[in-house]
Structures are given as C-alpha cells and as structure tokens.
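In what follows, chains are A, B, ... by sequence order, proteins preceding strands, each numbered from 1.
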There are 2 protein chains.
Amino acid sequence: MVAKKRTEMMAENRARLIAAARKSFAEKGFAGASMDDLTAQAGLTRGALYHNFGDKRGLLAAVVNQIDGEMATRAQKTGAQKTDPWDGLLAEGVAYIEMALDPEVQRIVLLDGPAVLGDPSQWPSQNQCLIETRNRVAQLIDQGVLKPVDADAAARLLSGAALNAALWIAASDSPADVLPKAREAFCALASGLRLGQP
Amino acid sequence: MVAKKRTEMMAENRARLIAAARKSFAEKGFAGASMDDLTAQAGLTRGALYHNFGDKRGLLAAVVNQIDGEMATRAQKTGAQKTDPWDGLLAEGVAYIEMALDPEVQRIVLLDGPAVLGDPSQWPSQNQCLIETRNRVAQLIDQGVLKPVDADAAARLLSGAALNAALWIAASDSPADVLPKAREAFCALASGLRLGQP
DNA sequence: TATTTCACATACCTACCGTATATGAAATTC
DNA sequence: GAATTTCATATACGGTAGGTATGTGAAATA
C-alpha cells in the first residue's frame with residue numbers, strides 16, 4: 001500500500017513527538033520548552049500533541065516512561081551479569097548512578113519528573129526502576145542475604161541514595177574525581193542491609 | 001518616629017513577600033503560583049517583588065533558604081540531644097525524614113527547589129541541611145566511628161535516602177504504617193557506614 | 001527648604017498553554 | 001465503488017502570566 005494505515009501513522013507521529021519532546025525537555029527543561037517549537041521540530045502542530053497526550057504533562061509522562069524503561073532494562077541486564085546476587089544488587093545501584101549522570105536523565109527523570117508528575121512511586125506508568133530494585137531486594141531478603149527489612153522501603157532508600165548521588169556528582173566541579181567516592185560510599189551504605197558479616 | 005525608616009520597611013516587605021510566596025508555592029506549586037496573586041496577598045504589587053528578588057526564581061530561592069535553615073537548625077538540635085554521636089547521626093536522619101513529611105517542605109524544597117534552582121549542593125544559599133550532616137559525618141569519621149569514606153559523598157547519600165523516603169511515605173496509602181518501615185530501613189542502611197561491628 | 005535617591009506601582013508587551021472549531025484523508029457502509 | 005462517517009491533525013482564538021520600561025511619591029541628604 002502506498003499510503004500508510006491510520007494506526008501506523010499515528011504511532012509514528014506519537015514516536016516523533018516523544019522524540020522531539022525528549023530533546024526539547026532535556027535542553028530547555030519542562031517549563032522552558034515550547035509546545036509550538038516542539039511540534040514544529042517533529043513536523044507537526046500542537047493539534048497532534050493535544051490529541052495524543054492530552055496536555056503538556058501527558059507528554060512529559062510519556063517521555064519519562066520511555067527513559068525510565070530504558071534505564072530499568074539496562075540496570076536489570078547489568079545486575080544479571082553478576083553471578084553473586086549481592087554483587088548484582090551493588091552493580092545495579094552503581095549502574096543507576098552512572099546512568100543518572102546523563103544530563104537528559106537528570107533534567108527529565110530526576111528533576112522535572114518528580115516536580116511535575118509527583119513522586120515516582122505513583123507515576124502513571126509505575127516507575128520501572130523502582131520495581132526492578134524492589135524485586136531484587138525482595139529476592140535477596142528471601143535468600144537470607146539481606147536483613148528482613150521492608151523491601152519497598154529498602155528499594156526506595158537505595159534508589160534515592162543512588163540518584164541523589166548522581167545529581168551531586170554532576171553538579172560537582174570534577175565529576176570524574178567524585179564518581180569513585182560516591183561509588184565507594186554507596187557500597188558501604190548498602191552493606192548496612194546485609195545480614196551477618198560487615 | 002511615626003514613620004518607619006526605609007530599611008525597616010523594606011525588610012518588612014521582604015518578609016511579607018516571602019511569607020506569601022511560601023504559602024502560595026506550597027499550595028499551588030511554583031509553576032502554578034501567580035505573582036499577581038502572591039503580591040496582592042502581601043498587600044503589594046509585582047513591582048516590589050521584582051525590585052527585591054529579581055525574578056520568580058529569586059523569590060523561590062529566598063523561600064527555600066528560609067525553610068532549609070529552619071530544617072537544619074531543628075535537625076541540629078535533635079541530633080545534639082543524643083549523647084552518643086552515632087545515635088545523634090541516626091536521630092538527625094530520622095528527623096529529616098519526619099520533617100520532610102510536611103507538604104510545604106516536600107513541594108517547595110524537595111520537588112520545586114531542585115527542578116527550578118538545580119541541585120541543592122549549588123543553591124545560592126548553600127543547602128544548610130547538607131552542610132549540617134556533612135559536618136556530623138566528618139566528625140564521626142575523625143572519631144573512628146564511621147568508615148573512612150568521603151564525607152561529602154556519605155552526607156549526600158544519607159540525605160538523598162532520607163528525603164526520598166519521606167516522599168515515598170507521603171505518597172503511600174497509609175503514611176502512619178509506612179513511616180516505621182522507612183525508619184528501620186534507614187537505620188539499617190546507615191549502619192553500613194559504621195566501622196567494626198554490624 | 002531644595003534636591004536626590006530609591007522602593008514600589010503602573011502600563012505594556014510578548015509568549016505560551018489550552019480549547020473550540022475546521023478540514024481532509026482513511027475507514028466503513030451500503 | 002460511491003456515499004457517508006470517523007477521526008487524526010491543523011487552524012484560530014482567548015485568557016493568563018512573567019518580565020521590562022517607565023512613572024511616582026516619600027524618605028534621605030545636603
């Protein structure tokens with residue numbers, strides 16, 4: 001068929017809008033991004049945007065969901081590479097720190113996301129990074145590796161520590177020097193959840 | 001003198017604007033707060049606001065600084081009540097969690113603050129909460145209570161964990177049930193920084 | 001008392017978000 | 001396959017808000 005089907009066109013336009021928004025939000029921040037500029041860069045107008053996403057918040061939610069999903073799968077893979085489950089949890093945490101050094105992640109997911117969409121635990125598309133670490137923590141608790149703390153609480157604390165560390169590193173004068181310090185401190189902190197030997 | 005001196009008037013007006021902004025930002029969020037409404041509630045106009053704070057961001061910075069200062073002094077007092085320095089650090093962390101349950105603190109300091117002003121470590125008025133915990137951590141490292149990790153990194157991780165925990169608690173269905181879980185997990189996590197016995 | 005300063009008010013401009021309406025090409029129906 | 005309906009996107013409009021330029025009147029100064 002020469003002309004694409006309607007659903008295909010719509011899916012493509014949605015993707016283009018999300019891509020343009022992702023770029024614009026990352027560069028100018030959510031508040032500073034103009035819907036007109038955004039849509040024009042995607043070769044569309046605001047009409048398409050409002051039809052697909054309802055409003056500016058809806059567009060941000062879609063962008064955040066995309067990035068969050070990418071981060072979660074990548075962290076999952078990183079953690080799965082380790083044979084020892086405990087090393088897996090640490091690797092996952094460090095992976096979050098390193099991924100969160102990306103300005104795009106910082107601006108969109110860590111700063112504007114919570115401010116506009118509220119706490120990550122109740123984002124429209126449940127924060128997949130949080131779910132991922134929660135599952136891993138719960139598994140380690142079952143295996144008797146971690147202290148029997150609440151899995152949701154532990155996951156949230158680990159995640160909060162890691163992502164805040166990334167913001168701190170990025171804001172520092174020399175991120176390269178600071179990253180290892182953060183990694184070391186994070187591993188020390190996380191070891192507090194371990195059962196038995198320090 | 002019947003008429004107040006100029007500097008007194010200006011200080012009073014600044015305080016009124018900050019108070020009105022604090023209320024408005026807390027209720028409607030930074031983006032949703034209107035400068036006209038704000039200043040009207042303070043019995044002034046936008047002229048006073050721009051003269052005193054430069055722009056909307058400047059006003060937010062002043063409000064954040066005020067709240068941050070209140071939090072830091074309160075945390076400092078809470079920590080000082082404990083005789084054991086280690087207990088003091090834990091108490092301070094828990095105090096941050098509890099203070100951050102205040103909707104005003106959440107909305108202004110934890111959500112809008114970082115999104116608008118950037119990372120807390122480089123706020124116009126250096127984040128006093130961070131400085132407070134950093135000093136306490138450094139002291140404990142000197143005393144040989146904590147592992148010799150980087151004090152800034154450790155403080156940032158602890159702070160991030162505590163404040164994210166508060167956001168999580170507040171967003172949960174029953175904060176009262178969740179708070180103790182978060183406290184327990186936080187103390188477990190923090191123990192990872194201790195030197196020697198678990 | 002005359003003059004200057006300056007804290008604040010007023011007026012204006014521009015940008016942008018959201019909505020209501022229009023349009024034209026698929027999709028459906030007969 | 002022609003007519004009709006659907007609907008994804010475009011266009012037009014209104015209201016609001018933030019920043020700036022300018023005005024003003026009272027306190028400070030000389």
Side-chain angles (χ1 to χ4, degrees), chain A residues 1-64 108 112 115-117, chain B residues 1-64 108 112-113 115-117 124:
Chain A
M1 65 190 67
V2 59
K4 290 181 181 174
K5 295 204 320 196
R6 224 173 184 185
T7 54
E8 286 174 354
M9 273 299 293
M10 199 170 175
E12 184 181 319
N13 284 343
R14 272 184 64 96
R16 293 171 61 152
L17 285 172
I18 290 177
R22 190 167 163 164
K23 186 179 175 188
S24 200
F25 289 162
E27 287 174 354
K28 307 176 185 176
F30 177 75
S34 159
M35 312 269 277
D36 277 317
D37 294 354
L38 244 189
T39 50
Q41 277 187 345
L44 297 166
T45 69
R46 293 216 324 269
L49 202 160
Y50 280 95
H51 186 73
N52 279 283
F53 302 100
D55 61 354
K56 204 180 182 184
R57 282 183 80 237
L59 180 60
L60 177 63
V63 173
V64 162
I108 299 178
D112 285 332
V116 176
L117 305 174
Chain B
M1 65 191 69
V2 57
K4 290 180 182 174
K5 294 201 330 194
R6 225 174 183 181
T7 54
E8 286 174 356
M9 275 298 294
M10 198 171 177
E12 184 182 318
N13 284 342
R14 272 183 64 97
R16 293 171 62 147
L17 286 172
I18 291 178
R22 190 166 163 164
K23 185 180 176 186
S24 199
F25 288 162
E27 287 174 356
K28 308 176 184 177
F30 177 76
S34 159
M35 312 269 277
D36 276 318
D37 294 354
L38 243 189
T39 49
Q41 277 187 346
L44 297 165
T45 68
R46 295 216 322 269
L49 203 159
Y50 280 96
H51 186 72
N52 278 284
F53 301 100
D55 60 355
K56 204 180 182 184
R57 281 183 79 238
L59 179 60
L60 176 63
V63 172
V64 162
I108 300 179
D112 285 333
V116 176
L117 306 175

- Task: Answer yes or no: is there a donor N or O on one side and an acceptor on the other, between the side chain of B:K28 and the main chain of B:S34, under 3.5 Å?
- Result: no
- Between atom CG in B:D36 and atom C1' in C:dC12, what is the gap in whole Å? 13 Å
- Counting any heavy atom closer than 4.0 Å, what does B:L44 reach on the DNA or RNA strands: base, sugar-phosphate only, or nothing? sugar-phosphate
- Message: Just to be sure I understand the rule, does A:A33 reach a base, reach only the sugar-phosphate, or reach nothing, if contact means heavy atoms closer than 4.0 Å?
- Response: sugar-phosphate
- Message: Rounding to an integer number of Å, can you tell me how far A:K56 NZ sits from C:dT19 C1'?
- Response: 17 Å
- Query: B:F30 CZ to D:dA17 P: how many Å, rounded?
  - Reply: 14 Å
- Would a distance-only check, ignoring hydrogens and angles, find a side-chain to backbone donor-acceptor pair under 3.5 Å from B:R57 to B:V116? yes
- Item | Distance, rounded to the nearest Å, where B:M35 contributes CE and C:dT14 contributes P | 19 Å
- Query: Any idea which of D:dA10, D:dT20, C:dC17 is nearest the B:Y50 side chain?
  - Reply: D:dT20
- Note on the structure: A:F53 atom CZ is separated from C:dT19 atom P, nearest whole Å, by 16 Å
- Query: If you measure from CG on B:L17 to CE on B:M35, what distance do you get to the nearest 0.5 Å?
  - Reply: 9.5 Å
Under 3.5 Å, N/O pairs linking protein and nucleotides 5-7 of chain C:
residue, atom, partner, partner atom, Å
C:dC6, O4', B:R6, NH1, 3.2
C:dC6, O4', B:R6, NH2, 3.2
C:dC6, O2, B:R6, NH2, 2.6
C:dA7, OP2, B:H51, NE2, 2.9

- With nearest nucleotides of DNA chain C determined for A:G32 and A:G54 from heavy-atom distances, which residue corresponds to the more 5′ nucleotide? A:G32
- Take the protein atom NZ of A:K5 and the nucleotide atom C1' of C:dA25, then report the distance between them rounded to whole Å. 16 Å
- Item | A:L59 CG - C:dC16 C1' separation (whole Å) | 15 Å
- Message: Show the nearest heavy-atom pair for residues B:I18 and B:F53, with the distance to one decimal.
- Response: CG1-CZ, 3.7 Å
- Query: What distance do B:N52 atom CG and B:T39 atom OG1 have between them, rounded to the nearest 0.5 Å?
  - Reply: 12.0 Å
- When all nucleic acid strands are considered with a 4.0 Å heavy-atom cut-off, which category describes A:S34: base, sugar-phosphate, or nothing? sugar-phosphate
- Query: Rounded to whole angstrom units, what separation is found between the CZ atom of A:R14 and the P atom of D:dA8?
  - Reply: 11 Å
- Say you draw a straight line from CZ of A:R14 to NE2 of A:H51; how long is it, rounded to the nearest 0.5 Å? 10.0 Å
- Atom pair CG (A:L38) and NZ (A:K56), whose distance is rounded to the nearest 0.5 Å: 8.0 Å
